[in-house]
Participant: 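Below you will find the structure I want to go over with you.
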Amino acid sequence: MSSPSNAAVIAALRQLVAYTQLEDGQSQSFRTRAYQKAIDAVSVRSDPVAELPLGELVAIEGIGDSTARKIIEFAERGSISKVERLKAKYPASMLDLMRIPGLGPKTVLALQDHLGVTDVAGLREAIEEEKLRTLPGLGAKSEKKIAESIELLGIHSDESRTPIFDAMGIAHRLIADLEASDLVERIEYAGSLRRLEETIGDIDLLVVSDAPVEVIDRFTGLPGVTSVLGSGTTKASVVIDDQIQVDLRVVDSDAFGAAWLYFTGSRSHNIELRQRAIGRGWTLNEYALSNVDTDETIASRSEEDIYRSLGLPLITPEVREGAGEVGAAEAGRLPRPVDIGDIRGDLHVHTTWSGDGRSSMDDMLDALTASGMEYVALTDHAEDLVMNGLSRDQVLEERAEIVEQRASRPELTILHGAELNIGPEGGVDYDPEFLATFDFGVASIHSHFDLPQARQTDRLLAAVANPAVNVIGHPSGRKIGRRPGVVFDADAVFEAAAENGTAIEINCHLQRLDLAAPLIRRAMDVDGLLFAISTDAHHTSELANLRWGVSQARKGWVSAERVLNCLTLAEFQAVVGRKRAV
DNA sequence: GCCGTTTTCGGCCCGACTGTTTTCAGTCG
C-alpha cells in the first residue's frame, strides 16, 4: 500500500485540530496551536512526510514526538486513534456548527450540554423556539446574529476558498472603484492574496485616507456588494458577488507599515516576529513596533523599518509562511528574491499565428520592447495541437515574418521558438531535422492528464532529454481550482533537467502558477537547475502577468542567478546553444 | 503539544469587536 499524500496527512491533522478545539473548549489552546503548526510545517514540504521515520519527523521544526507518532499512526492505519475517540464523543455535525461565524467551541459545547443540539437542523429549531437565549452568556441579540450567520455558512465552508485568479480580479476591481473616489490616499491588498496563496479565503484591503467614514460608506455601497457583514468607523466587511468576503480597514499613514505587515500575515509568521520583539523588550502589533516599558515607537511607517529594527532584512510577502523563513533570513540563508527588474526576456509568448493567439506579432513585439525586454522567444503552438498549432508551411511563413521584424528591431533579439506538445510516450511534434531549424523550444503537456505517475514521469524525462526542448512549459498542467496537475516523480525530472540543461518553467498565469511553490523549493535544491519565468501570453495585456510569475518564484525562494531569462543575452544564448547542439 | 542564549519545566502573540457578565468571555483575524 502506498503511503498517504501530504494533502491526506494535512486533512487528517485538520480533523485533529477541529476535534481538539471542541475537546479543549477553545480554538487557540496550546495543543491545537501545536497541531496547527505541524500542519503549516507539512504544507510547505514537497516530499511525502508519511514515509519518514520517527526521527526525521521529529527533526522537522514544529513537529514533536506526539504529533509525529500520530502521523505515523495515520500512515500505518489510515486513522488517528485520538480522532476516533473524539468522533465517538462529538458527532461530526458539531464541526459544521463551529464553521458558523460567531459560533466557537465554547458555544457549540454549550449547545450540546444544555440543549442537546449537535447539528445545524437542531440549531435552527432551537432558534425558532427562542431557546438559544437561555444559554449562559447568550441573549436575544446573539440568537438573531447566529440565525443570520447560518445563511452565510456556504461562504465560510472549507470548500469555498476562491482560486487566486478570481480573487485577484475582484480585488483589483474594488481597488479601482475605490481609487476613483479621490478619498483614497493609498490602497493595498494584504492577506493571502499578497502572499500569493493558490486559493483565497477572504480579501483584505488596507486604505490610507483622511476621510475614513466616507471610504467605508463608499466601500459598503460598491457594485457587487451582496451583503454587509459589519461596518464601523475604521473597518467594514462585505460579501462580494455572493462569493467572497472582503475586509477593508482604514489606517494612519504613520502606521501603514505595521498594519500592512500585520494584515499580510501569515499568522505564524507574525507570531515569530512578535516573539522576536518580546526578546528585545518590545511589542509588535498592527500599529507599531514599540518599547514595552516606555511605550516609545521604534518603527511603524514601513515594513522594511520594522524588519530592520528586528535585525532582519525585508522578508518578501510570498515567503511569510512561518516555514523557517525568519531563521533563514537571520542567518543570511534567505536568497535575495528575484525581482521583476531582473527579467531580461520572455520565453513563452504566442501571437495570432497560434489559433488561440489574440495579438499580432507586431503588437506583441512592440509591447515587449516597451516593457524593456532584451530578448523574446516567440513560441506559437505546434502541429500536434490540432485546433491551434502551426503546420510546417505556417512555421516557415512565420519565420519569414520574424526575419523581417528582426531587421527593424535591432534592440530586441527575437528567437523563433515553438510550444511543442509532449505526447503520451514523450515524443514531440515535427521531426528532429525540422525541429533543429528552430532557435528555441518549450515543451508542454496538453493532453493525457490521467496517465499513471510512472508514465507521466517517463514522458517528461523524454522531453527533458530532447535537444530541441529548452524549457518544460507549465510542467504539471494544472489549472488552480479546476484541474489537478499530472503527478510525476519530481526529483527524477528535476535531476534530469539539471543534467540536460533544460529549464523548468514557472508559468505566470494566475490560473496556472505552475510549478507549484513547494515543488519550486524542492527544485532549488537541485544544483544547476534553471527556471524560466514565462508569461505564456496570448495577448499583449497578458505580458503584465510577469509579476505573478516573479512572485511565484519568490514564493519558491528563487534568486535571479537560477533564472534562465535573468541571464544576459550572451549567457542566455550560450545556455540555449549548448542544449540544442547535443 | 512544543521547545530551550530565560527554561527538560514553564512558558507560549496581540488587539478589536460584540454582547451582555457592571468587569469579562467568546470569537475573530
Side-chain angles (χ1 to χ4, degrees), chain A residues 13 16-17 20-21 23-41 57-71 80 82 97-111 132-146 148-149 152 156 190-192 200-206 229-237 245-251 255 258-259 261-290 292 310 322 326-327 330:
Chain A
L13 291 175
L16 179 64
V17 168
T20 306
Q21 285 174 332
E23 171 84 345
D24 290 353
Q26 43 182 322
S27 55
Q28 289 289 306
S29 72
F30 297 119
R31 214 191 325 255
T32 55
R33 274 163 53 182
Y35 294 148
Q36 188 62 54
K37 211 170 173 191
I39 289 174
D40 293 343
L57 275 173
V58 173
I60 298 172
E61 196 177 336
I63 298 180
D65 188 68
S66 170
T67 308
R69 288 178 193 279
K70 289 181 173 66
I71 291 173
I80 298 170
K82 177 174 177 179
L97 290 178
M98 276 213 296
R99 289 208 195 95
I100 297 173
L103 283 194
K106 284 261 166 49
T107 315
V108 170
L109 282 177
L111 284 170
L132 228 56
R133 59 184 69 181
T134 66
L135 291 183
L138 294 186
K141 270 196 172 175
S142 304
E143 195 174 70
K144 182 161 177 282
K145 206 165 180 185
I146 289 167
E148 288 166 0
S149 291
L152 291 169
H156 290 272
S192 51
I200 306 300
D202 53 29
I203 296 171
D204 295 294
L205 298 178
L206 221 52
L229 302 174
S231 92
T233 55
T234 62
K235 62 182 258 186
S237 296
Q245 179 173 334
V246 184
D247 299 334
L248 176 138
R249 291 161 207 265
V250 186
V251 302
L261 181 62
Y262 181 86
F263 291 113
T264 297
S266 67
R267 175 187 287 257
S268 46
H269 180 84
N270 285 352
I271 289 173
E272 277 194 62
L273 292 186
R274 287 191 210 121
Q275 283 168 334
R276 213 176 155 81
I278 290 169
R280 293 163 188 234
W282 301 335
T283 180
L284 177 62
N285 59 28
E286 62 260 55
Y287 301 109
L289 175 67
S290 51
V292 174
L310 292 171
V326 175
E330 177 167 38

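Sequence lines set the chain letters: A, B, ... in the order given, protein chains first and strands last, and positions in each chain run from 1. As the structure is a prediction and not an experimental result, all values here were calculated from the model.
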Participant: Please indicate yes or no: is the ring centre of A:Phe30 less than 5.5 Å from the centre of the six-membered base ring of B:dC2, with the two planes inclined by under 30 degrees?
Facilitator: no

Participant: Checking all strands, does A:Gly62 fall into the base, sugar-phosphate, or nothing category for heavy-atom contacts under 4.0 angstrom?
Facilitator: sugar-phosphate

Participant: Quick one: on DNA chain B, does A:Leu138 or A:Gln275 contact a more 5' nucleotide (nearest heavy atom)?
Facilitator: A:Gln275

Participant: Please work out if A:Lys37 contacts a base, only the sugar-phosphate, or nothing of the nucleic acid, heavy-atom cut-off 4.0 Å.
Facilitator: nothing

Participant: At what distance, to the nearest 0.5 angstrom, does CZ of A:Phe263 lie from CG of A:Asp204?
Facilitator: 7.5 Å

Participant: Using the P atom on both, measure B:dG26 against B:dT20 and round to a whole Å.
Facilitator: 14 Å

Participant: With a 3.5 Å cut-off and just heavy-atom distances, do the side chain of A:Arg267 and the base of B:dG29 make a donor-acceptor pair?
Facilitator: yes

Participant: Taking the side chain of A:Thr283 as its heavy atoms from C-beta onward, which of B:dC14, B:dC12, B:dG29 lies nearest to it?
Facilitator: B:dC14

Participant: Mind checking who B:dG10 pairs with, Watson-Crick or G-U wobble, both distances under 3.5 Å?
Facilitator: B:dC3

Participant: Sticking with atom P, work out how far B:dT7 lies from B:dC12, rounded to a whole angstrom.
Facilitator: 15 Å

Participant: With side-chain hydrogen bond (donor to acceptor under 3.5 Å, both in side chains) as the criterion, how do A:Glu272 and A:Asn270 come out once you've worked through the C-alpha distance, each side chain's angles and the decisive distance to 0.1 Å?
Facilitator: CA-CA 5 Å; A:Glu272 277 194 62; A:Asn270 285 352; over 6 Å; no

Participant: Look at A:Thr107 and B:dT27 and indicate whether a side-chain polar atom (N or O) is within less than 4.0 Å of OP1 or OP2.
Facilitator: yes

Participant: Regarding A:Asn270, tell me which of base, sugar-phosphate or nothing describes its non-hydrogen contacts under 4.0 Å with the strands shown.
Facilitator: nothing

Participant: Classify A:Leu273 by what it touches in the nucleic acid, base, sugar-phosphate, or nothing, heavy-atom distance under 4.0 Å.
Facilitator: nothing

Participant: Which nucleotide sits closest to the side chain of A:Ser66: B:dT18, B:dG29, B:dC2?
Facilitator: B:dC2

Participant: Nearest to the side chain of A:Asp247, which nucleotide is it out of B:dG29, B:dG1, B:dC14?
Facilitator: B:dG29

Participant: So do the side chains of A:Leu273 and A:Leu289 get within less than 4.5 Å of each other, counting heavy atoms only?
Facilitator: no

Participant: Taking atom C1' in both B:dG15 and B:dT8, compute the distance separating them and give it to the nearest angstrom.
Facilitator: 33 Å

Participant: Could you check if a side-chain atom of A:Thr32 sits within less than 4.5 angstrom of a side-chain atom of A:Gln36, using non-hydrogen atoms only?
Facilitator: no

Participant: Please report, rounded to the nearest Å, how far the P atom of B:dG29 is from the CG atom of A:Leu284.
Facilitator: 20 Å

Participant: Using the C1' atom on both, measure B:dT18 against B:dT22 and round to a whole Å.
Facilitator: 16 Å

Participant: Considering only B:dC12, B:dT27, B:dG15, which nucleotide approaches the side chain of A:Glu286 most closely?
Facilitator: B:dG15

Participant: Counting only side-chain heavy atoms from C-beta out, which of B:dG15, B:dG1, B:dC12 sits nearest to A:Ala34?
Facilitator: B:dG1

Participant: Which one, B:dC14, B:dT27, B:dG1, comes nearest to the side chain of A:Tyr35?
Facilitator: B:dG1

Participant: So, is A:Tyr287 close to the B:dA16 phosphate, meaning a side-chain N or O under 4.0 Å from OP1 or OP2?
Facilitator: yes

Participant: Rounding to the closest angstrom, what is the interatomic distance between B:dT6 and B:dG11 at atom C1'?
Facilitator: 10 Å

Participant: DNA chain B: A:Gln28 or A:Val108, which has the more 5' nearest nucleotide?
Facilitator: A:Gln28

Participant: Would you indicate, yes or no, if B:dG26 has its OP1 or OP2 atom less than 4.0 angstrom from a side-chain nitrogen or oxygen of A:Ser27?
Facilitator: no

Participant: Can you find a side chain N or O atom of A:Lys70 that sits less than 4.0 Å from OP1 or OP2 on B:dG1?
Facilitator: yes

Participant: Tell me: CD1 of A:Ile100 to P of B:dC28, nearest whole Å?
Facilitator: 10 Å

Participant: Given B:dC2, B:dT20, B:dC17, identify the nucleotide with an atom nearest to the side chain of A:Ser142.
Facilitator: B:dT20

Participant: Whether A:Arg276 and A:Glu330 form a salt bridge (side-chain N of Lys/Arg under 4.0 Å from carboxylate O of Asp/Glu) is what I want to check.
Facilitator: yes

Participant: Within the 4.0 Å heavy-atom criterion, would you say A:Ser29 contacts the bases, only the backbone, or no part of the nucleic acid?
Facilitator: nothing

Participant: Within the structure shown, what part of the strands sits under 4.0 Å from A:Gly137 by heavy-atom distance: base, sugar-phosphate, or nothing?
Facilitator: base

Participant: How close do A:Ser29 and A:Asp24 get, counting heavy atoms only, and between which atoms?
Facilitator: OG-OD2, 2.8 Å

Participant: State whether A:Thr67 places a side-chain N or O below 4.0 Å from either non-bridging phosphate oxygen (OP1 or OP2) of B:dC2.
Facilitator: yes

Participant: With sugar-phosphate meaning primed atoms plus P, OP1 and OP2, does A:Ala288 contact a base, only sugar-phosphate, or nothing at under 4.0 Å between heavy atoms?
Facilitator: nothing

Participant: Which distance, rounded to the nearest 0.5 Å, do you find between the CD1 of A:Ile278 and the CG of A:Leu284?
Facilitator: 9.5 Å

Participant: When the P atoms of B:dC14 and B:dC9 are compared, how many Å lie between them, rounded to an integer?
Facilitator: 26 Å

Participant: Nearest to the side chain of A:Pro105, heavy atoms from C-beta on, is which of B:dG1, B:dT27, B:dA16?
Facilitator: B:dT27

